[in-house]
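Structure record follows, encoded as structure tokens.
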Amino acid sequence: MIAEMTSSANEGLYPLHHSKTIHLVRHAQGVHNVAGEKDHSAYMSEELFDAHLTPLGWEQVDNLRKHVHASGLFKNIELVIVSPLLRTMQTAVGAFGGEAPVNGIDVPPLMVENTGSSNRPAISSLNCPPFVAMELCREHLGVHPCDRRRSISEYKPMFPAIDFCLIENDKDVLWTPDIREKDEDLAARGGKFMKWLLTRKEKEIAVVTHSGFLYHTLGAYGDDCHPTLKQEMSKHFKNCELRSMVIVDRSMIGSDTSKTDFPGKIPSGADVPSDAV
């Protein structure tokens, strides 16, 4: 028993400033989810191009918003990263966006009224974290029109307060009509995304993305955990599900200095020998 208690084989101990808390969210129900569950071939339909949320999906978003506020998550999140597709951006701004505009305060909305056939009022960018769109966390690329994005110049008027500066091309040059991205390539892209997250200065980040991206990215992690933990990490996300995890930088990718460590030798001068006190 003592040997078990003193063993460190099942624990990992890392400096706090080399870790981040990430809140991973799959988008809410989209029209493509409904059609695809009835008939998988529907995912090939051009009518589902850049699928928007269903009315049920917006209810899921409202419930997630209530949760992030009631749980205290909202006040801790410093940044929201979102895949640049209609359903993910609708989910992100609905769940993590600001409160109603205040008279006399003029800020651009995160989403304008009725974006994506939503029948929703505009969503404010007041008193909420910044939003950044990032292509690395997109869904499987290719073949399915629901996973093809619009041009960034089309999105900007819809989502004025989302920052699209990290996206290099206005048009979608990643999606191809005849080649579907391989699972292992998606997992590699997910690993690249995780490394990029480690370079960010923010310590608590929400990421709103897709089922396939989450499943294959997280499946590449957890081999050093108990099998039950790995299974928990990599299982499929439900629509609008949120899971909070900690990512640790073990390679000094995002090396910085601690804001909470205390050197102990203050004021300056020789320490008093411990046997003298």
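Atoms considered below: every heavy atom in the structure, side chains included; atoms not considered: hydrogens, waters and symmetry mates.
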Do the side chains of T199 and K195 get nearer than 4.5 Å, heavy atoms only? no
If hydrophobic clusters are built by linking Ile, Leu, Val, Met, Phe, Trp and Tyr wherever their side-chain heavy atoms come under 4.5 Å apart, do L198 and F213 end up in the same one? yes
Mind checking the CE-CE spacing from M245 to M194? Nearest 0.5 Å is all I need. 7.5 Å
May I have the step-by-step check of side-chain contact (heavy atoms from CB on, under 4.5 Å) for E202 and K20, ending in yes or no? CA-CA 8 Å; E202 299 87 0; K20 296 182 189 297; 5.7 Å; no
Using modelled atom types only, decide if a donor and an acceptor are shared between the side chain of N239 and the backbone of H27 within a distance under 3.5 Å. yes
Look at the side chain of E139 and the backbone N and O of G212, then say whether any donor-acceptor pair between them is shorter than 3.5 Å. yes
Stepwise side-chain contact (heavy atoms from CB on, under 4.5 Å) test for H17 and K259: CA-CA 8 Å; H17 63 287; K259 292 180 174 60; over 6 Å; no
Side chains of P84 and R138: does their closest heavy-atom pair fall under 4.5 Å? yes
Consider only side-chain N and O atoms of E204 and T21, and report whether a donor and an acceptor are under 3.5 Å apart. no
Any heavy-atom pair between the side chains of V248 and V246 that's under 4.5 Å? yes
Quick check on the hydrophobic clustering: are L242 and V61 connected, directly or via other members, by side-chain heavy-atom contacts under 4.5 Å? yes
Ion pair D62/R120, N-O distance below 4.0 Å: yes
Could you walk me through whether R149 and D50 pass the salt bridge (Lys or Arg N to Asp or Glu O under 4.0 Å) test, one step at a time? CA-CA 6 Å; R149 70 165 172 81; D50 193 21; over 6 Å; no
What distance separates I22 CD1 from I77 CD1, expressed to the nearest 0.5 Å? 12.0 Å
As a quick check of understanding, evaluate salt bridge (Lys or Arg N to Asp or Glu O under 4.0 Å) for E135 and K192, giving each step before the final call. CA-CA 11 Å; E135 297 235 71; K192 186 176 180 181; over 6 Å; no
May I ask you to test the L48-P145 pair for a side-chain heavy-atom distance under 4.5 Å? no
Verify the neighbour count for atom CD of E168: are there more than 12 heavy atoms of other residues, nucleotides or ligands below 6.0 Å? no
About how many Å separate OG1 of T88 and CD1 of I81, when rounded to the nearest 0.5 Å? 12.0 Å
Exam field: side chain E241 to backbone V25, donor-acceptor pair closer than 3.5 Å: no
For L126 and S124 the tightest heavy-atom approach is N-OG, 2.9 Å
D223/K230 salt bridge by N-O under 4.0 Å criterion: yes
To the closest 0.5 Å, what do you measure between NE2 (H140) and SG (C146)? 12.0 Å
Between E99 and R65, does any NZ, NE, NH1 or NH2 come within less than 4.0 Å of an OD or OE carboxylate oxygen? yes
Side-chain donor-acceptor pair under 3.5 Å between E154 and S151, yes or no? yes
According to a hydrophobic-cluster definition based on side-chain heavy atoms being under 4.5 Å apart (Ile, Leu, Val, Met, Phe, Trp, Tyr only), do F131 and I123 belong together? yes
For the OG1 atom of T91 and the CZ atom of F96, what is their distance to the nearest 0.5 Å? 9.5 Å
Taking all atoms of both residues into account, what is the closest heavy-atom pair of L86 and A51, and its distance? CB-O, 4.0 Å
More than 12 heavy atoms from other groups under 6.0 Å of CZ on R250: no
Please step through side chain to side chain donor-acceptor pair (under 3.5 Å) for the pair D147 and H210, ending with a clear verdict. CA-CA 10 Å; D147 299 326; H210 307 265; 5.2 Å; no
Nearest atoms (heavy-atom pairs only) where G36 meets A42: N-CB, 4.3 Å
Let me see the working for D170 and Y155 under side chain to side chain donor-acceptor pair (under 3.5 Å), right down to the final yes or no. CA-CA 10 Å; D170 183 48; Y155 284 139; over 6 Å; no
Backbone of R150 reached by a side-chain donor or acceptor of D172 within 3.5 Å: no
For N119, I'd like to know if atom CG has over 12 heavy atoms of other residues, nucleotides or ligands within 6.0 Å. no
Among H216, E181, E184, exactly one meets side-chain hydrogen bond (donor to acceptor under 3.5 Å, both in side chains) together with R189. Which residue is that? E181
Nearest non-hydrogen partners of A95 and L64, listed with the distance: CB-CD2, 3.7 Å
Heavy-atom closest pair, residues T209 and C137: OG1-O, 2.6 Å
Is any side-chain heavy atom of P129 less than 4.5 Å from a side-chain heavy atom of F74? yes
Examine W196 and F164 and state if one hydrophobic cluster contains both, with Ile, Leu, Val, Met, Phe, Trp and Tyr joined whenever side-chain heavy atoms are less than 4.5 Å apart. no
Is NZ or CZ of R243 both nearer than 6.0 Å to the six-membered ring centre of F237 and within 45° of the ring axis? yes
Minimum-distance pair of heavy atoms, taken over all atoms of I179 and T176: O-OG1, 3.1 Å
Before giving the answer on side-chain contact (heavy atoms from CB on, under 4.5 Å), spell out for I162 and M89 the whole-Å C-alpha distance, their side-chain angles and the decisive distance to 0.1 Å. CA-CA 9 Å; I162 292 182; M89 291 190 287; 3.8 Å; yes
So, T217 side chain and L214 main chain: donor-acceptor pair closer than 3.5 Å or not? no
State whether the side chain of N169 and the backbone N or O of K171 hold a donor-acceptor pair below 3.5 Å, judged by distance alone. no
Donor-acceptor check, side chain of S244 to backbone of H23, threshold 3.5 angstrom: yes or no? no
OH (Y215) with more than 12 external heavy atoms under 6.0 Å: no
Taking T54 for its side chain and G30 for its backbone only, find out whether a donor-acceptor pair lies under 3.5 Å. no
Any donor-acceptor pair under 3.5 Å from Q90 side chain to H52 backbone: no
Find out if a path of hydrophobic residues (ILVMFWY) with successive side-chain heavy-atom gaps under 4.5 Å connects M233 to I247. yes
R180 side chain to H144 side chain, donor-acceptor N/O pair below 3.5 angstrom: yes
Would you give the length of the straight line joining atom CG of L136 to atom CG of L166, rounded to the nearest 0.5 angstrom? 9.5 Å
Before giving the answer on side-chain contact (heavy atoms from CB on, under 4.5 Å), spell out for M111 and M158 the whole-Å C-alpha distance, their side-chain angles and the decisive distance to 0.1 Å. CA-CA 6 Å; M111 187 182 84; M158 300 179 190; 5.8 Å; no
